[in-house]
Each structure stands twice: as C-alpha cells, then as structure tokens.
Enquirer: 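I have a structure I would like to understand better, so I am pasting it below and will then ask my questions one at a time.
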Amino acid sequence: NTVNNLAEEKCIRTEIYLDKSGDGVQFSSFKKPEILKPFMVAILMMFFRNMSGMPMIIAYCNTILRDSGSTLDPSFSSMVVGVVLFISCLLSTFVIAKFSRKSLLVASMVGMAVSFACLGVIFLFVDNSGGQESGVLD
C-alpha cells in the first residue's frame with residue numbers, strides 16, 4: 001500500500017511540474033527519468049499484450065473453438081469467452097484496490113502463460129489424433 005502511495009505521489013508531483021511549466025508536454029520532457037520510465041513501461045506493456053496473440057485469439061475465437069474438436073457450438077462458446085472477459089474486467093476494478101499493480105501484472109502474465117500452454121496442448125492432442133474425434137473438449 002505504501003508503494004502505491006509513493007507511486008501516486010510521484011505521479012502527482014510530475015503533473016504539478018508539468019502544470020507549472022505552462023508549456024505543456026514537450027519532447028524534451030521525455031528525457032527525464034520520472035517521465036521516460038513510466039512511458040516506456042506503458043509502451044512495452046502494450047507491445048507485449050499485442051504480441052502475446054490475445055487480440056488474435058479473441059478475433060478468431062469461433063474458429064479456434066471449432067477446430068479444437070469441441071462438440072459445443074462455437075458461437076455459444078465465443079459468448080462464454082466474452083462473458084468471462086467482461087466479468088474479469090469488472091472484478092479487476094475491485095481487486096486493483098486491494099493488491100499492488102505489479103503483483104496483479106505478474107499474476108495476469110502467469111495466468112495468460114498457463115492458458116496459452118493449455119491451448120497449445122489441446123491443439124497438440126487434436127493434431128495428433130489424425131482427424132479423429134479426440135474428445136479433449138467434449
């Protein structure tokens with residue numbers, strides 16, 4: 001909790017500094033470590049989120065669920081994925097107040113890694129079944 005307060009205080013000090021300068025944000029401001037570090041962290045988080053494949057998995061959810069060998073309707077399964085994403089967004093608003101952002105980031109990265117590994121194992125079983133019903137998601 002103290003770490004969050006210190007980070008928030010640092011953000012407020014940076015905002016006050018930018019407000020006092022009166023010129024707004026200039027390119028030279030990005031050379032300062034108190035601005036460059038959070039900016040680079042945000043850019044890297046967006047880069048790794050996009051490179052993780054999550055946007056493509058959501059875009060091709062129906063195809064992935066159909067090709068996984070599941071007997072469930074892909075459209076219904078896709079709706080379940082959407083509901084789970086929505087609920088997780090709602091829960092995150094409550095959880096972020098109780099835990100540090102860093103621990104939540106690490107926990108979500110571990111969760112995504114485990115989920116992607118499970119998805120890879122499922123497709124490995126489907127590919128090795130030789131086109132037969134594998135029953136992995138039945």
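One is the number of the first residue; the rest follow in order along the sequence.
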Enquirer: Membership question, hydrophobic clusters at under 4.5 Å side-chain separation (ILVMFWY): are Phe99 and Ile96 in the same one?
Expert: yes
Enquirer: Does Val41 belong to the same Ile/Leu/Val/Met/Phe/Trp/Tyr cluster as Met46, with side-chain heavy atoms less than 4.5 Å apart forming each link?
Expert: no
Enquirer: How would you list, by chain and number, every residue that makes a ring pair (Phe, Tyr, Trp, His ring centres under 6.0 Å) with Phe39, sequence neighbours excluded?
Expert: Phe30
Enquirer: Group every Ile, Leu, Val, Met, Phe, Trp and Tyr by side-chain heavy-atom contacts under 4.5 Å, then state whether Met109 and Leu104 land in the same group.
Expert: no
Enquirer: Check the hydrophobic clustering (I, L, V, M, F, W, Y; side-chain heavy atoms under 4.5 Å; chains of links allowed) and say if Ile35 and Met40 are grouped together.
Expert: yes
Enquirer: Under 4.5 Å between any side-chain heavy atoms of Leu72 and Val80, yes or no?
Expert: no
Enquirer: What about Leu105 and Val95, same hydrophobic cluster or not, with Ile/Leu/Val/Met/Phe/Trp/Tyr joined at side-chain heavy-atom distances under 4.5 Å?
Expert: no
Enquirer: Does either side chain, that of Ser78 or that of Ser75, offer a donor lying less than 3.5 Å from an acceptor on the other one?
Expert: no
Enquirer: Report, one line per pair, each donor and acceptor closer than 3.5 Å where one atom sits in a side chain of residues 82-92; sequence neighbours left out.
Expert:
from, atom 1, to, atom 2, distance (Å)
Ser88, OG, Val84, O, 3.2
Ser88, OG, Leu85, O, 2.7
Ser92, OG, Cys89, O, 2.7

Enquirer: Heavy-atom count check: over 12 atoms from other residues, nucleotides or ligands less than 6.0 Å from Phe116 CZ?
Expert: yes
Enquirer: To the nearest 0.5 angstrom, please state how far the CE atom of Met79 sits from the CG atom of Asn62.
Expert: 9.5 Å
